[in-house]
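Remember, predicted model here, so these are calculated numbers, not experimental data.
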Amino acid sequence: MRKLTIYIMLLILISFLIPIIFTRKFEDNKQTSSISEHIYNKEENTQKVDETSYDYKKYNIVKVLHTKNNNVEEMKLDEYLYGVVSAEMPVSFEKEALKAQSIVARTYTIYKIIHNGGKHGEADICDDSSCCQAWISKQDRLSKWQEPERESNWNKIMQAVNETKGKIITYKGEPINAFFHSNSGGSTEAPINVWGGSGYPYLQTVETSGEDSYTQYNSEVNLSKKELINKMKEKYQDFSINFEEENPIKILEYTEGKRVKTIKIGNKNLSGVEVRSIFTLKSANFNVEIKDDNIKFSVIGYGHGVGMSQTGADSLAKQGKNSDEIITHFYTGVDVTEL
């Protein structure tokens, strides 16, 4: 009887202890889970802060004019640059080339903000590449890529911008007018030969190897003699040309950057830049050949040729150059500094 009483008491005791043990274990697990979640959230928040914490002070917000609808949108500077870099440079280019483009685009943006002069009303800059620099929304950019590569491509663009956060190009302590173009044809151009004026001391003619391997290097435009005459007369009503005479079209002078400086077409002496505009050539680096009724412009390079060549940047990156080295190659006497 005594043994039975002891067994009953032990059974009662165990029935009380088991719920306590499991409840304690559950609470411990819950606490551990809560701690883990807190650490995860803290890490996640830290990462988020790292992506957006750079203080550009008065340049934190960029006012962008969308030329298609004439609307002005406000964006954080680096978020704006995601759209610029993804619009201006192929994502297939080397990471260091994309980083160089990020620094160049950031510098160009800040220069435009400083020297805006009310050109775009209340906006700082527009999204037209022929005026300022191109920009594309994330949604539109992703839609132009194949679905399997969308995430990795966008991450590559973001990394290029984020890893250069705060970096700009300066000359004697001031942000430069960081011009860039697609392909220099092996040699960049001084701005005085493109737009006139006194130019900028940091924009000199430099040579870059490897640009001839890109599709942007070669192009041609073919016209009949009548088409050439009509295009010239759109600009100059008194234009005339005698294709029977020797050298009716003749290049008279080249720039240091190997582009056409002056060319004689019929009774007109024109700059290479003007001829590029009249005949929609990709560059002012061209030769002209007349054969029967056909006039062929053989063009080298793509763009005005001033500042950083994008294919040149990619070529240098493939040769092992980093973004800072790429920038100091194309811009003379500059520093890559923290804003």
Side-chain angles (χ1 to χ4, degrees), residues 67 88-89 108 126 128-134 177-200 203-208 211-212 214-241 243 247-291 293-313 330:
T67 51
E88 287 284 5
M89 181 175 274
Y108 185 85
C126 78
D128 181 359
S129 62
S130 64
C131 178
C132 295
Q133 56 189 0
N177 198 355
F179 290 107
F180 58 92
H181 59 280
S182 179
N183 184 299
S184 76
S187 184
T188 65
E189 188 59 271
I192 192 170
N193 294 320
V194 181
W195 303 295
S198 58
Y200 301 91
L203 294 171
Q204 303 295 327
T205 298
V206 298
E207 294 186 0
T208 309
E211 291 199 77
D212 55 350
Y214 294 83
T215 57
Q216 297 93 332
Y217 183 79
N218 285 308
S219 61
E220 62 179 52
V221 171
N222 290 279
L223 302 166
S224 68
K225 289 176 180 177
K226 185 178 180 180
E227 286 173 329
L228 181 136
I229 292 169
N230 289 340
K231 284 182 177 294
M232 286 294 295
K233 284 196 170 183
E234 286 177 9
K235 185 74 181 286
Y236 299 101
Q237 291 184 352
D238 63 340
F239 171 75
S240 64
I241 188 169
F243 286 105
N247 298 322
I249 301 176
K250 184 180 179 181
I251 296 172
L252 304 176
E253 188 180 4
Y254 290 91
T255 68
E256 186 182 346
K258 302 176 182 177
R259 290 162 179 79
V260 174
K261 187 171 186 178
T262 313
I263 181 172
K264 176 182 176 292
I265 302 181
N267 65 337
K268 297 294 180 182
N269 282 6
L270 308 171
S271 71
V273 172
E274 188 175 8
V275 171
R276 181 195 172 199
S277 175
I278 291 171
F279 299 110
T280 321
L281 309 180
K282 289 185 176 179
S283 165
N285 183 345
F286 58 83
N287 288 313
V288 188
E289 181 184 354
I290 303 173
K291 188 175 182 181
D293 188 49
N294 185 63
I295 300 166
K296 182 171 74 173
F297 290 88
S298 299
V299 186
I300 296 176
Y302 195 164
H304 49 61
V306 178
M308 187 184 78
S309 163
Q310 294 171 316
T311 56
F330 286 107

Go through it in stages, so that I can follow the logic: the residues are Phe330 and Thr208, the test is side-chain contact (heavy atoms from CB on, under 4.5 Å), and I'd like the CA-CA distance, side-chain angles, deciding distance and then a yes or no. CA-CA 9 Å; Phe330 286 107; Thr208 309; 3.3 Å; yes
Work out which heavy atom in [X] is nearest to a heavy atom in [Y]; give both atom names and the distance.
X	Y	result
Gly199	Pro191	CA-CG, 4.0 Å
Val273	Ala284	N-CB, 4.1 Å
Thr205	Ser187	CG2-OG, 3.4 Å

Are side-chain heavy atoms of [X] and [Y] found at a separation under 4.5 Å?
X	Y	result
Glu274	Lys235	yes
Phe279	Met232	yes
Ile241	Lys225	no
Asn287	Phe297	no
Phe243	Leu228	yes

Can you establish whether the number of heavy atoms outside Tyr302 located under 6.0 Å from its atom OH is more than 12? no
Is the count of non-hydrogen atoms from other residues, nucleotides or ligands lying under 6.0 Å from Glu256 atom CD greater than 12?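 Incorrect, the count does not exceed 12.
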Would you please test Leu281 and Val275 for side-chain contact (heavy atoms from CB on, under 4.5 Å) and show each step? CA-CA 8 Å; Leu281 309 180; Val275 171; 4.2 Å; yes
Per the side chain to side chain contact (heavy atoms under 4.5 Å, CB included) rule, which among Leu252, Asn247, Ile251, Ile249 passes with Lys264?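 Answer after filtering Leu252, Asn247, Ile251, Ile249: Leu252.
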Quick check for you: to the nearest 0.5 Å, what is the distance between [X] atom [atom1] and [Y] atom [atom2]?
X	Y	atom1	atom2	value
Glu253	Ser271	CD	OG	11.5 Å
His304	Arg259	NE2	CZ	10.0 Å
Asn177	Tyr200	CG	OH	4.5 Å
Phe286	Ser219	CZ	OG	11.5 Å
Thr188	Glu207	OG1	CD	9.0 Å
Ile295	Ile265	CD1	CD1	8.5 Å

Sequence neighbours excluded and cut-off under 3.5 Å, please list the side-chain donor-acceptor pairs for residues 305-313, or say none.
unit_1 : atom_1 : unit_2 : atom_2 : d
Ser309 : OG     : Ser184 : N      : 3.4
Ser309 : OG     : Glu211 : OE1    : 2.5
Ser309 : OG     : Thr311 : OG1    : 3.4
Ser309 : OG     : Gly312 : N      : 3.0
Gln310 : NE2    : Glu88  : O      : 2.9
Gln310 : NE2    : Gln101 : OE1    : 2.8
Thr311 : OG1    : Ser182 : O      : 3.2
Thr311 : OG1    : Asn183 : ND2    : 3.0
Thr311 : OG1    : Glu211 : OE1    : 2.6

Would Asn222 and Glu220 count as having a side-chain donor-acceptor pair, cut-off 3.5 Å?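 Their side chains do contain a donor-acceptor pair, which is all the 3.5 Å distance test asks for.
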Just do the salt bridge (Lys or Arg N to Asp or Glu O under 4.0 Å) check on Lys226 and Asp293 with the steps written out, would you? CA-CA 8 Å; Lys226 185 178 180 180; Asp293 188 49; over 6 Å; no
Residues two or more places apart in sequence or in another chain: which of them pass ring pair (Phe, Tyr, Trp, His ring centres under 6.0 Å) with Phe239?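 Listed in chain order: nothing, the list is empty.
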